[in-house]
Amino acid sequence: MNRRILLSALMAFSLASAAFIYTNARADEGMWLPQNLSQLPFDQLKKRGLQLKPEEIYSPTAVSLKDAAVIIGGGTGTFVSPDGLVITNHHVAFEAVTSASTTEKDYIQNGFLAKARAEEIVAKDYTVRITQDIKDVTADVMAGIKPEMSLGERMRAIGLKQRELGAAASKDGLIAQVVEAYQGAQYHLYVYQQLRDVRLVYAPPKSIGYFGGDPDNFEWPRHCGDFAFLRAYVAADGKPAAYSKDNVPFKPKKFLPLDASGVKEGDFTMILGYPGQTARWRESHSVAYSQDVRLPFTVKALTDRMNFLIKQGESDPEAKIRNADTVFGLSNSIKNFEGTIKGLKRNNHTARKQAEEAAFTQWLDSHAAAKAKYGTLLPAIAKLYEALNVDGPKEQALSAVTGSGVMAQAIAFAYSRALDQDKPANERNPRFGEAALPQIQNSIKNLWNERDANNEQASLQSALASADELKDAQRSAAIDGLFTGKSGNERRQAETAFARQAVTESSLKTADDAVKLFSLSANDFRTNANPFVKLIAAVTDESAGFAKSTQTFNENIVKLRAEYTQGLMEWKLAGKKGPLFPDANRTLRFTYGDIRGYKPRDAVAYDWQTSLTGVIEKDTGVEPFDVPAKLKELAAKKDYGNYVDARLRDVPVAFLTTNDITGGNSGSSVLNGRGEVIGLAFDGNYEGLGGDYYYDIAQNRCLVVDIRYVLFVTEKFAGADYLFKEMTIKRGKAMAAGR
C-alpha cells in the first residue's frame, strides 16, 4: 500500500488551490505544504504573532527558513551558525553516540564534547538533506497511464515514472525523489542537497538527554534536555563529499538565531520540519484494522524483541552498549503504538470515521453525478477488508519469520529465486535473473557486514512466539511442526533454543555462505540440513496462498482509496469542511500553534512549563531518574547563570504547544513569530498519540525543550559555551544580569 493511484480521468479536478481552503478548519490543525502557504489565513496568523511573509518561510528561489531546516538521521535539524552547526534532539543523534561508544569511551552515559573542531567525531551513516526545490509533476507521472492498463500495470508504470523523474533530477551533487500527496491525487518532485560528512559536536549524557527514559516517554510534565549539536562538512570547494580530514564546515544559505529572552503562555509558535507518516484520510475499515489487528500484533512482537535484548544486556556489558540504540527505539515504538491504540479507542475514531462516511454517502444521494463516480467505493473497500481480517493475522506472523533479519531475508530471497527458476523461461521474473544476480549478492554482502546476530535472534524468537498465538484455522503447520507436543513455557524454551541455533549458531557464518544459497534448487531448500533454511522454505510455501489475495488487496485498495479521497475532497470543498492538507510523507511541512497547557482527564490540569526544580524532584539516583552530580550542584547553589525564567524564578526546562506534529518532527526547531529558535520539538503527549489519525486541539500537544535549558546545560554543565561564539543569541530583560 505504498502507492495510491488516482484514475487519470479524475485529474481534471484541480487541487492546486482548492485543497488549501481553510474555512471552518479546526484551530492549529495541519501539516501544510510550504509551497502553498500563501493560501493560509495570514491575516489571522499575524494577529496571533506571526511577523513573516509566506516567501520568508518558503521560497523556491530566494533564501528563506526552508534553507535552515534539514533532514538529519530519523528527525529534523536546524542550522544555527554560519559554520554548519546543526541543532537537533539527543535521541535523533543517539545512534551516532552509540556507534562511537565503547566500554572505554562510554559516550552514552558520559556524553560527548568536542572542545575544538578537530575533536569532532564522525556521526556514522548520518547525512544532512536540505530542500532545494519542490515541483508539481502530477501531469508527468500520469501522462503514461492508459485506461486499458491493469491495476498492477498502473502501479508499476507510476512507480517507474517516479523513479525516472527522480533520477533525472539527481545530478550536480543533488538527489531527488517524487512522492505522492492526497493518496495519489498529486505527485511532487523534491530536490535536495545532501551532505555526507556529518560530525558529532556535543551530546549531553543520557541522564540529561534522555532523563526520565521510558517511564516519562510521551508523558507530561517532562524534564529531559533532549538536544545535541552536530556539524555538516563539505569538500574545500564547497561540494558535498564523504568524510575527509581536509573537509571544511558547510556554509548554509540560512541559519537561525536563538531567542533566549523567554516565552509565555499564548505565544505564537511555528515549526518547519519533516514529519513522517500520518493517516488522517484513512477510511473507517483501515482505522479498525490498525486498532484491532495490525498495531496489537506489532506491539507484541516489539515487546518480545526488546525484552530479549534487555535480558542479554544484564549479563553482558558490551551487549548492553551495542543494543542501547535498538532498545531505545523499540521502547519508544512500543509506547507509541500502545498509546495510539488507546487514543483511537478513547476518541472512538472508528465510529467517527463511520459517521463521516455516512454523511458523505448522504451527500452522494443528493448529487447524482457524484454518486455515479463514488457511490460504489465504500462497499468495495469494506469487502476488501473482510478478506484481510481473515488472512491478516497469519500473514503477519509468517512475514515476521521471513523478515526477522538479514539472514532470514537472504534465505527467503534465494528460495524465491529457486522457485522462479522452476518456471518456464518466458514466465520468470527479471528481478531474479542472471543479470540481476551480481547486484543482489553484493547487496546481501553489504547488509551481512552490518547485521547484528543477537538482534536477529531476538526478532526470530518473537516471531515464533507470535505464531503460537494464532487461532486454530490460522495456525502455521510449518512452525508448529518444529514444536510438536510443546506448549506454554516448554514451547517458549524450545523457541529460544531454535532461534539461537538458527541464527547465532548457524552454519551460515559469512556473507559468502549466504550467497552460495543462490546456487541451490527449490528441493535443496526443502530438504536442507540447516533447520532455518528448511523452515524459511516451508513458511514461504505456506505464505504462497496469501500472495494472490495480498496482491489483489494492494492493487485494489490504492485505486479505491484514491477515488474515495477524491470524493471526500469534492464533498468537503462543496461544504467548506476543511482542513484539506495532505497526510505527512517525510517532506517539508509547516505547522503553527501557540504555547498552551491542557487537561488530560477530569479534575486534572497541566501547566504549560516545567523547571529545573522538577528535574531535582524526580531524582532517585537510579537510571532513568539519575540526575548528574554536577547538575544537582548547580541547582543546589542556584547557579542558574543567565537562564532564569521571570515567571518560574528558575531555569525553564520544557513547555507545551498546540503544533500539529508526528514522528520525523523530532529535533524540529520551534520558532517564534520572527523565525527565531525558542525550543526543540522532542515528543508528543500520551493523550495525543492517536494524532497520526486525528487532531484534537484539546489534547494534542507538542513537547518542547526550552532553548534556555539547552544553553544552560551547554554552558554551565558542559562548559561548551565556546559554541556561543558562532551562534546568534538574543537575550532579553530576564537575561540582563548575564553577558
Side-chain angles (χ1 to χ4, degrees), residues 45-46 48-53 56-57 63-70 76-89 201-202 225-229 252-273 592-595 608-609 611-612 640-657 659 667-682 702 704-718 720-739:
L45 300 186
K46 287 178 180 177
R48 294 176 60 176
L50 177 60
Q51 298 181 31
L52 302 180
K53 299 175 182 177
E56 293 177 296
I57 298 171
V63 174
S64 57
L65 293 186
K66 75 108 167 52
D67 296 301
V70 304
T76 300
T78 306
F79 287 120
V80 290
S81 92
D83 288 335
L85 190 67
V86 175
I87 191 170
T88 188
N89 284 154
V201 178
Y202 173 58
D226 197 350
F227 75 94
F229 289 100
K253 296 178 184 177
K254 179 81 172 179
F255 67 93
L256 301 188
L258 313 183
D259 180 7
S261 62
V263 295
K264 63 182 183 301
E265 189 170 18
D267 280 355
F268 176 83
T269 57
M270 59 183 176
I271 291 174
L272 201 61
Y592 61 87
D594 57 43
I595 296 174
W608 58 274
Q609 189 179 32
S611 69
L612 181 58
Y640 300 153
N642 305 322
Y643 306 104
V644 178
D645 179 85
R647 170 179 179 259
L648 296 172
R649 297 186 180 181
D650 197 350
V651 178
V653 173
F655 59 88
L656 296 170
T657 78
N659 291 83
S668 298
S669 286
V670 178
L671 310 176
N672 59 22
R674 297 181 296 275
E676 300 162 340
V677 181
I678 57 175
L680 301 174
F682 69 90
C702 170
V704 185
V705 57
D706 196 304
I707 199 64
R708 290 170 291 175
Y709 191 56
V710 171
L711 298 175
F712 168 76
V713 171
T714 302
E715 177 185 351
K716 303 296 292 185
F717 177 84
D721 50 326
Y722 73 91
L723 291 173
F724 296 178
K725 296 177 182 178
E726 61 180 287
M727 294 188 285
T728 300
I729 304 175
K730 178 181 177 180
R731 304 177 186 276
K733 292 181 180 179
M735 309 278 292
R739 13 174 242 264

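For the numbers below, each heavy atom of this structure counts, side chains included, while hydrogens, waters and symmetry mates do not.
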Practice problem: Give the intermediate values and the outcome of side-chain contact (heavy atoms from CB on, under 4.5 Å) for residues Val677 and Leu671. | Solution: CA-CA 5 Å; Val677 181; Leu671 310 176; 3.8 Å; yes

Practice problem: State, to 0.1 Å, how close Ile707 and Asp259 come at their nearest heavy-atom pair, and which atoms those are. | Solution: CG2-O, 3.3 Å

Quiz item: Which atom names give the shortest non-hydrogen contact between Tyr722 and Val201, and what distance separates them?
Solution: OH-CG1, 4.1 Å

Practice problem: With the side chain counted from C-beta on, respond yes when Asp594 and Phe268 share a heavy-atom pair under 4.5 Å apart, and no when they do not. | Solution: no

Quiz item: Can a salt bridge be assigned to the pair Asp706 and Arg708 using a cut-off of 4.0 Å between side-chain N and carboxylate O?
Solution: yes

Quiz item: Which atom names give the shortest non-hydrogen contact between Ile271 and Cys702, and what distance separates them?
Solution: CD1-SG, 4.2 Å

Practice problem: With the side chain counted from C-beta on, respond yes when Phe255 and Asp83 share a heavy-atom pair under 4.5 Å apart, and no when they do not. | Solution: no

Practice problem: Check whether any side-chain heavy atom of Val710 sits under 4.5 Å from a side-chain heavy atom of Val705, and report yes or no. | Solution: yes

Quiz item: Quick one: CZ on Phe682 to CZ on Phe227, what's the gap to the nearest 0.5 Å?
Solution: 12.5 Å

Quiz item: Do Gln609 and Asp645 have side chains that get closer than 4.5 Å, going by heavy atoms?
Solution: yes

Self-check item: Set of residues satisfying ring pair (Phe, Tyr, Trp, His ring centres under 6.0 Å) with respect to Phe712, sequence neighbours excluded
Solution: none

Quiz item: Is there side-chain contact between Tyr643 and Tyr709, with at least one heavy-atom pair below 4.5 Å?
Solution: no

Self-check item: Note, Val651 side chain near Ser611 side chain (heavy atom, < 4.5 Å)
Solution: no

Quiz item: Which atom names give the shortest non-hydrogen contact between Phe724 and Thr714, and what distance separates them?
Solution: CE2-CG2, 3.9 Å

Practice problem: Can you see which heavy atom on Val263 is nearest to which on Trp608, and at what distance? | Solution: O-CH2, 3.7 Å

Quiz item: Between Leu52 and Leu65, is any pair of side-chain heavy atoms under 4.5 Å apart?
Solution: yes

Quiz item: Looking at side-chain heavy atoms only, is the closest gap between Asn672 and Asp267 below 4.5 Å?
Solution: no

Exercise. For Val670 and Ala681, work out which heavy atoms get closest and say how close.
Key: CG2-N, 3.7 Å

